[in-house]
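Working notes for the structure below.
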Amino acid sequence: MEILINHGSVLIMFAAVVGFFMAWGIGANDVANAMGTSVGSKALTIKQAIIVAMIFEFAGAYLAGGEVTSTIRKGIIDAGYFVDIPELLVFGMISALLAAGTWLLIASYMGWPVSTTHSIVGAIVGFSAVGVSPDTVAWGKVGGIVGSWIITPLIAGVFSFIIFNSAQKLIFDTDKPLEKARKWVPLYMFLAGFVLSLVTIKKGLKHIGMDIGTFEGYMYAIGVAVIVAIIGKFFIARLKFKTAKSRRADYINVEKVFAVLMVITACCMAFAHGSNDVANAIGPLAAVVSVVESGGEIASKAALAWWILPLGGFGIVAGLAIFGHRVIATIGKGITHLTPSRGFAAELAAACTVVVASGTGLPISTTQTLVGAVLGVGMARGIAAIDLGVVRNIVVSWVVTLPVGAGLSIMFFWMIKGAFT
Amino acid sequence: MSGNTILGVFAKSPIKPLEKHIRKVHECAAHLPEFFRACADQNWSRAEEIRKTISTLEKEADELKREIRNELPGGIFMPVQRTDVLELVSQQDKIANKAKDISGRVLGRKLEAPEQLLEEFEAYVNRCLDAVKQAAAAINELDDLLETGFRGREVDLVENMIEKLAKIEDDTDSMQISLRRNLMAIEDKLNPIDVMFLYQIIEWVGELADLAERVGARLEIMLAR
């Protein structure tokens, strides 16, 4: 208790710094994953992708980022065990942030697309189980995360399979693909806009003090989606097409229409990513701040300090701006046959999955959903080739992330504990 | 920061390289009529030049073939079977090899087609090259096949192209028969060894069409799965 009172402001400052570090790592590591398909299919340039990501990551973090926070803060470890030793929770959360941030830095440097979510979960479980007591961990929840390694890609894969096949049926496998594309693409835009605005309204606007009923929420979401579709239609109408004699030229034109759509899904993806992953950085930070400010009392429900969400958002954007450029810049070689229509199917599916998961509070990883979605498009015979070797590496990195996060956080936990006591 | 992000999942697709390869093969074989023309004119230095071009193009096609093979390691998941791609590319490559063999053999013996058969022979070469051209056109549809997820009307379109290819090959068969018959009628007036070689060249040129048809057949098998 005395530790918290004597060193309270130092601890909060320390936590804020490592929280920012963690958010920075999220921005750096996950950017290529969230924005990659848009750049890979040449729907967006690298610069445009970074600008889109900055705006929508921040918006997602700020408007829809609150729901998952509570899961990480309270769901995985049982706060009840820390009532008498709140300082250990504070140390633990700081070391968890430090551990996850460090792992992200290493992984980003090595080029491994690890899950930011699972690094923080592993880190929290690590200090809690080894540093305090194995009983503090809600092992069932951890099991759920292991299960999500299968379920998340599966859901995303099914989504992308359906979306891709619907585009095939409605647009490509018809007599006049271009006409059909003009007709149907606004519908896909509507869908993307609907999912995006629904989650914002239902989950997000609470944080800025608005509460909207379920029915009204749906109505507003439909309204926003219609606006998105109309704007999209406007841009499609403005597209210039070479008059197409052959089917091939027609397909190229159709891809142009999809490129417009791709911009919207890229926004969607960045938004979904921001809303889901900002919690990884701010969850532990919020726990530290609430414990310290209440003088050691672990409240069952603590209001998020006003500066925490923006800090996480800025952290992500900073990581994105500084490191993300380099990550995205590696794109462009080796990827063939990733056209806007296929990238769109993968991204919309991934965004939907993240948004749905974000709504249920399950800490899933954006990386996993994207891998699942890409595989889904591949299964639908859409992408010319998928390197299963890389898929396997990615899956291995998912599994490795938990124990590494745990190991690092145990180490940092002992160090911090030693320094303050 | 290495490139092993999620984008590594998208492996290098073999489809564009396959199309590039058949175009190269076609370009290589397409020099044959010009080559035979030079031979008929007894312009051997020109013929030698063309043979060199054919040989260079064949080497380039070989290089492309090797690239395709190297880019298909075991863990690649594709809309088409891996083995089909490998079969297809070696089948395509045989056309270029054959074209090179023909030009080499003809030049080596400074072989000319007998004047009475010249016109018929040229028509026959051109028809065989039509088959190669048609095969190249069908392979070039792979891109659009991918666009439509390998189903629906695009598949019908390609199947029609392959059917047309089979008809062209039929044509070359009957042309070959008539060419042989006409050669037999005049063979006692010619150098017997030249005649032997002529028969062989006629057969080899015909093989260009056979190989082209086989490329079409491989493509069909690819689509059938």
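Values in this document were obtained by computation on a predicted structure and should not be read as measured data. Throughout, protein chains are lettered first and strands after them, A, B, ... in sequence-line order, and every chain is numbered starting at 1. Heavy-atom basis, side chains included; hydrogens, waters and symmetry copies ignored.
- Of all the listed residues (A/N165, A/L388, A/V254, A/I386), the one sharing the greatest number of non-hydrogen pairs under 4.5 Å with chain B is A/I386.
- Looking at A/D387, its side chain does come within 3.5 Å of a backbone N or O of A/G389 through a donor-acceptor pair.
- Note: B/F121 and B/F36 have perpendicular aromatic rings, judged against thresholds of 30 and 60 degrees for the angle between ring planes.
- Between B/E49 and B/R46, at least one side-chain N (NZ, or NE/NH1/NH2) sits under 4.0 Å from a carboxylate O, which counts as a salt bridge.
- Note on ring orientation: taking the six-membered ring where Trp is involved, the planes of A/Y251 and A/F172 are tilted (angle from 30° to 60°).
- With respect to B/K59 and B/D62, no salt bridge is recorded, no charged nitrogen being found less than 4.0 Å from a carboxylate O.
- Residues of residues 128-142 of chain B that come within less than 4.5 angstrom of chain A, heavy atom to heavy atom, are B/N140, B/E141 in numerical order.
- Taken from CZ in B/R218 to CD in B/E87, the straight-line distance is 4.5 Å, to the nearest 0.5 Å.
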